[in-house]
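Numbered from 1 within each chain, the chains take letters A, B, ... in sequence-line order.
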There are 2 protein chains.
Amino acid sequence: MFTINALSRTPVYEQIVDQIEKLISAGILKEGEQLPSVRSLSIQISVNPNTIQKAYGELDSRGITGSVPGRGCFVMPNARERIKSRAKEKLSALTALVEELLQAGVSREDIIKTVDSITSKKEESK
Amino acid sequence: MFTINALSRTPVYEQIVDQIEKLISAGILKEGEQLPSVRSLSIQISVNPNTIQKAYGELDSRGITGSVPGRGCFVMPNARERIKSRAKEKLSALTALVEELLQAGVSREDIIKTVDSITSKKEESK
DNA sequence: CTAACTGTACTATGTGTCTTAGTACAGTTA
DNA sequence: TAACTGTACTAAGACACATAGTACAGTTAG
């Protein structure tokens with residue numbers, strides 16, 4: 001269920017945060033549902049419990065999940081909406097990347113062609 | 001001429017590499033031209049000479065520049081083409097980012113609109 | 001030739017982040 | 001009561017990044 005790349009430059013706890021957000025966005029983890037416990041998940045993916053705790057803490061602070069001592073960590077009711085609005089802010093990253101490609105001499109055609117091919121691909125699976 | 005963000009997660013030497021590549025792509029640093037010396041640039045942007053050396057070494061290994069002991073570091077004749085082909089490989093990063101946004105629930109319209117607005121803006125300054 | 005420059009190669013040190021390890025405490029629940 | 005839950009610590013190690021200082025060899029202008 002989780003894939004951790006220990007060699008990546010992005011920290012493990014951040015990889016966990018990203019993947020949980022994706023699971024929620026995809027509807028695999030439903031709102032209100034309980035996440036694996038800190039300890040069980042740490043064993044499952046061979047990572048220290050502290051690292052999981054850090055990931056859950058980050059999700060909590062984003063309002064994606066809510067942790068209750070003694071009970072567990074649960075997906076918040078409006079989690080998907082929060083993730084979506086966070087992602088919308090990431091459109092600036094898209095802007096930066098496209099500008100970088102343009103400045104490096106990549107043609108508009110190549111860029112637009114790439115974006116179109118993905119967005120249309122996703123259209124089919126609708 | 002150089003702007004270093006010491007707080008960024010991307011290493012200083014990498015920021016230098018990026019900015020030099022941009023200067024070359026933009027035609028400000030021309031092919032065959034000599035870059036500032038390791039020591040002078042280190043003073044100019046208040047960074048350790050070793051950090052500059054690491055940046056120049058990276059550029060050398062990419063074939064963007066060529067360093068000659070005793071003479072200096074020079075922009076290679078085919079530098080712009082090398083940068084462009086490297087950037088083309090980065091189209092996969094664009095793919096990944098767009099897919100991430102889609103999965104997070106951002107609409108195709110928002111994505112395409114963002115890309116179009118940038119590419120058309122650059123069209124004007126042609 | 002000399003002096004001042006060039007890149008390069010080291011060692012040593014400090015720092016910050018990430019991760020692991022271990023322990024402990026309080027709340028929840030079957 | 002026992003086994004679970006999240007949480008909060010301290011301590012230690014690993015690693016990349018950056019700084020500091022020194023040294024060497026090649027180049028070049030005077």
*Asks:* In the hydrophobic clustering (ILVMFWY, side-chain contacts below 4.5 Å, transitive), which residues join B:M76, or is it alone?
*Replies:*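 Cluster partners of B:M76: none, it stands alone.
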*Asks:* Return the nearest nucleotide to the side chain of A:R9; candidates are C:dT20, D:dC17, D:dA18.
*Replies:*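 My answer, after comparing the listed nucleotides, is D:dC17.
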*Asks:* Test question: given the 4.5 Å side-chain rule for I, L, V, M, F, W and Y, name all other residues clustered with B:V12, or answer none.
*Replies:*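 Traced through the cluster, B:V12 reaches B:M1, B:F2, B:I4, B:I16, B:V17, B:I20, B:L23, B:I24, B:I28, B:L29, B:L35, B:V38, B:L41, B:I45, B:V47, B:I52, B:Y56, B:L59, B:I64, B:V75, B:I83.
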*Asks:* Could you grab the distance from atom CD of A:E14 to atom OG1 of A:T51, nearest 0.5 Å is fine?
*Replies:*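 Between atom CD of A:E14 and atom OG1 of A:T51 there are 12.5 Å.
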*Asks:* C:dC18 phosphate, OP1 or OP2: any side-chain N/O from A:T51 under 4.0 angstrom?
*Replies:*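 No, outside the criterion.
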*Asks:* Within this structure, what is the CD-to-P distance between A:Q15 and C:dC18, rounded to whole angstrom?
*Replies:*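 From A:Q15 CD to C:dC18 P: 12 Å.
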*Asks:* Who passes side chain to side chain contact (heavy atoms under 4.5 Å, CB included) against B:S85, sequence neighbours left out?
*Replies:*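 Side chain to side chain contact (heavy atoms under 4.5 Å, CB included) check on B:S85 returns nothing, list empty.
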*Asks:* Between atom CG in B:L41 and atom P in D:dA18, what is the gap in whole Å?
*Replies:*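 Between P of D:dA18 and CG of B:L41: 14 Å.
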*Asks:* Return the value, rounded to whole Å, for the distance between atom CG of A:L7 and atom P of D:dA16.
*Replies:*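 Atom CG in A:L7 sits about 11 Å away from atom P in D:dA16.
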*Asks:* Just to confirm, is there a sub-4.0 Å distance from OP1 or OP2 of D:dA18 to any side-chain nitrogen or oxygen of B:K54?
*Replies:*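 Indeed not, no polar side-chain atom of B:K54 lies that close.
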*Asks:* Is B:L7 isolated, or which residues cluster with it under the ILVMFWY side-chain rule of less than 4.5 Å, directly or via members?
*Replies:*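 None, because no other hydrophobic side chain comes under 4.5 Å of this residue.
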*Asks:* Report the residues that fulfil side chain to side chain contact (heavy atoms under 4.5 Å, CB included) with A:Q34, sequence neighbours left out, ordered by chain and then residue number.
*Replies:*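 Checked A:Q34 against side chain to side chain contact (heavy atoms under 4.5 Å, CB included); matches are A:F74.
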*Asks:* Looking only at side-chain N and O atoms, does A:Y13 come under 4.0 Å of OP1 or OP2 in C:dT19?
*Replies:*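 Checking A:Y13 against C:dT19: no side-chain N or O falls below 4.0 Å of OP1 or OP2.
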*Asks:* Check DNA chain C for consecutive Watson-Crick or G-U pairs with both distances under 3.5 Å and list the runs of at least three as stems.
*Replies:*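 Output for stems: C:1-30 with D:1-30.
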*Asks:* When you check the side-chain N and O atoms of A:S92 and A:T95, is any donor under 3.5 Å from an acceptor?
*Replies:*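 There is no such pair (donor and acceptor under 3.5 Å, judged by atom type) between the side chains of A:S92 and A:T95.
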*Asks:* B:D110: which residues meet the side chain to side chain contact (heavy atoms under 4.5 Å, CB included) condition with it, sequence neighbours left out?
*Replies:*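 B:D110: side chain to side chain contact (heavy atoms under 4.5 Å, CB included) contacts with A:K88, A:L91, B:V106, B:S107, B:K113.
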*Asks:* In chain order, what residues pass the side chain to side chain contact (heavy atoms under 4.5 Å, CB included) check against A:K90, with sequence neighbours excluded?
*Replies:*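 A:K90 satisfies side chain to side chain contact (heavy atoms under 4.5 Å, CB included) with B:E100, B:L101 only.
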*Asks:* Please state how far atom CD in A:E58 lies from atom P in C:dC18, giving the value in whole angstrom units.
*Replies:*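 That distance rounds to 11 Å.
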*Asks:* Let me have a per-nucleotide readout for nucleotides 3-15 of chain D, 5' to 3', with B, S or -, counting only protein heavy atoms under 4.0 Å.
*Replies:* --BBBBB------
*Asks:* Rounded to whole angstroms, how far apart are CG on B:N48 and C1' on D:dT22?
*Replies:*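 To the nearest whole Å, that distance equals 13 Å.
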*Asks:* Rounded to whole angstrom units, what separation is found between the CG atom of A:N5 and the P atom of C:dT19?
*Replies:*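 Rounded to the whole Å, the gap is 11 Å.
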